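Okay, structure first, notes after.
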Protein chains: 2
Amino acid sequence: MAETILTAERILEAAEEVLRRYGPAKATVVDVARALGVSHGSVYRHFPSKAALRDAVTERWLARVSAPLAAIAAEDGPAPARLRRWLDALIGAKHAKVLDDPEMFATYMTLAADAREVVAGHVAALTADLARMVADGVAQGVFAAADPQATGRALLDATARFHNPAHAAEWSDPGIAAAFEGVWTLVMRGLETRKG
Amino acid sequence: MAETILTAERILEAAEEVLRRYGPAKATVVDVARALGVSHGSVYRHFPSKAALRDAVTERWLARVSAPLAAIAAEDGPAPARLRRWLDALIGAKHAKVLDDPEMFATYMTLAADAREVVAGHVAALTADLARMVADGVAQGVFAAADPQATGRALLDATARFHNPAHAAEWSDPGIAAAFEGVWTLVMRGLETRKG
DNA sequence: CGACTAACAGATTTCAATATCTGTCATCCG
DNA sequence: CGGATGACAGATATTGAAATCTGTTAGTCG
């Protein structure tokens, strides 16, 4: 299997492993090439720069987060429960990642800070999921929202403390779950259609 | 004036100036003492450690932010407008600080990261302001909230993107004001009493 | 011919020596 | 005697020379 042809995919695999081992500060293109048994020049045939390689690693990682969420957003059934499931999945996935591999999480935070464009795409995908569920809720007559896209974004922003990595240090706070319930209650009340 | 007796207050003043000049990484207790024309041993008569001195500087800074907010929270009049004024003041103050002295803002972010307890007190003060306004709104019959304290905290959390320094990099985004309006609309709708 | 290598220039990082800092304390001064 | 000093030990930071890395390209190999 070491005889396989060198592909972008194999390079990404090796880059992820090298990042896991050495961390973002010490992982070099030379290390990645060494792990693959090729010269570092070969890596530059597939990625124009170290930054591009890191961006691609980041994109893969974010895709693994957003794929299952898109599946939830696309489900049938009542929008409110689906929205809750989606948020629980997003928040649960993030919290689990910090818990069971804090160093790798810190590594990805560093990568993401340098990959603003890739992150913007990820945020757009999440917003689209939320907008879809809001629109579904409006169609079902359970949500009131003039602009589902804007409301989707508002939901993402309002819950930032619970899923945005910038707040990761707060996730070990014992009151974090209660705090999320507080925000959930508030925004659900803001989303619901009025009775009477 | 250089003949004034050495007080904690004068040390804090000098420490702030030294931090402004050298930044958090290079500012030393020796620098502070030098600025005051005393030996660094004298500084340790007033503060038990460099960390305690930094904490005190941080506390002063946070107090300058929260004092005007407490005044707004304590005003009379309709709670919704007051709440909006309070949030505008908080967000406006933070954004102004980054805009007109980004380096000092970064310095304070570094200090705050090491002064978790002091920051917790600041957050508690802000939450108390919000809880008070929510409770006032309930008394005025314009807000519905079972637990004003929890709802106050939910408001702070839901608006974190717009005032928490961890998000400072996003504040130059041209869409940030619109994003705040989106969250404001959503949470106000969640706060209002239901008609009919 | 096309994937890969290897050598290179300039930029960045590492490492160990040197200098500075933190926190303490015996001592000094008014 | 209360407030300040300055010298000290151990920890931390700075510095500059040497090593390594990034990105390019001329050239090798199948």
Side-chain angles (χ1 to χ4, degrees), chain A residues 1-59 103 106-107 110-111 113-118, chain B residues 1-59 103 106-107 110-111 113-118:
Chain A
M1 61 218 213
E3 297 306 311
T4 326
I5 201 165
L6 187 62
T7 62
E9 194 60 27
R10 285 187 60 222
I11 293 173
L12 286 176
E13 215 89 48
E16 219 171 292
E17 177 56 25
V18 166
L19 280 163
R20 168 166 280 115
R21 244 215 262 291
Y22 300 97
K26 291 203 266 183
T28 71
V29 175
V30 171
D31 290 330
V32 175
R34 205 168 10 234
L36 289 162
V38 301
S39 75
H40 78 279
S42 299
V43 172
Y44 282 94
R45 180 163 301 283
H46 296 268
F47 295 94
S49 67
K50 183 182 183 178
L53 175 55
R54 284 173 161 230
D55 282 5
V57 170
T58 308
E59 193 159 22
E103 293 188 8
T107 293
T110 305
L111 295 191
D114 296 335
R116 307 175 109 287
E117 208 158 319
V118 170
Chain B
M1 58 221 214
E3 296 307 309
T4 325
I5 201 165
L6 187 61
T7 62
E9 194 60 27
R10 283 188 62 223
I11 293 172
L12 286 175
E13 214 88 50
E16 218 171 293
E17 177 56 23
V18 166
L19 280 163
R20 169 167 279 115
R21 242 214 261 292
Y22 300 97
K26 291 204 266 184
T28 72
V29 176
V30 172
D31 291 330
V32 174
R34 205 171 5 236
L36 289 162
V38 300
S39 76
H40 78 278
S42 300
V43 172
Y44 282 93
R45 180 162 300 282
H46 296 268
F47 295 94
S49 67
K50 183 181 183 180
L53 175 55
R54 283 173 164 232
D55 282 4
V57 170
T58 309
E59 193 158 23
E103 292 187 8
T107 293
T110 304
L111 295 191
D114 296 335
R116 306 175 109 286
E117 208 157 318
V118 170

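Note that the coordinates shown come from a computational prediction; the quantities given were computed from them, not determined experimentally. We name chains A, B, ... by the order of the sequence lines, and we start the count at 1 in each one.
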Between B/S42 and D/dT5, is there a contact of a side-chain N or O with OP1 or OP2 at under 4.0 Å?
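Yes.
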Approximate separation, where rounding is to 0.5 Å, of [X] [atom1] and [Y] [atom2]:
X: B/E59; Y: B/L111; atom1: CD; atom2: CG; value: 12.5 Å
X: A/T110; Y: A/R54; atom1: OG1; atom2: CZ; value: 8.0 Å
X: B/E16; Y: B/T58; atom1: CD; atom2: OG1; value: 9.5 Å
X: B/H46; Y: B/L53; atom1: NE2; atom2: CG; value: 11.5 Å

Can you tell me how far [atom2] of [N] sits from [atom1] of [X], to the nearest Å?
X: A/L53; N: D/dG23; atom1: CG; atom2: P; result: 10 Å
X: B/H40; N: C/dG23; atom1: NE2; atom2: C1'; result: 7 Å
X: B/H46; N: C/dT22; atom1: NE2; atom2: P; result: 17 Å
X: B/K50; N: D/dA13; atom1: NZ; atom2: P; result: 8 Å
X: A/I5; N: D/dG30; atom1: CD1; atom2: C1'; result: 13 Å
X: A/L36; N: C/dT5; atom1: CG; atom2: P; result: 10 Å
X: A/Y44; N: D/dT25; atom1: OH; atom2: C1'; result: 14 Å
X: B/F47; N: D/dA4; atom1: CZ; atom2: P; result: 13 Å

Classify the side chain of B/R45 versus the base of D/dA4 as yes if they form a donor-acceptor pair under 3.5 Å and no if they do not.
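Donor-acceptor pair under 3.5 Å: yes.
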What residues in residues 15-32 of chain B put a non-hydrogen atom under 4.0 Å from any atom of DNA chain C?
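Heavy-atom cutoff 4.0 Å gives B/T28, B/V29, B/V30.
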Sub-4.5 Å side-chain heavy-atom contact between B/F47 and B/L12
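Yes - at least one pair of side-chain heavy atoms lies under 4.5 Å apart.
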Any pair with a residue in residues 19-31 of chain B that passes side chain to side chain donor-acceptor pair (under 3.5 Å), sequence neighbours left out, goes on the list, sorted by first then second residue, please.
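For residues 19-31 of chain B, and leaving out neighbouring residues, the side chain to side chain donor-acceptor pair (under 3.5 Å) pairs sorted by first residue read B/T28-B/D31, B/D31-B/R34.
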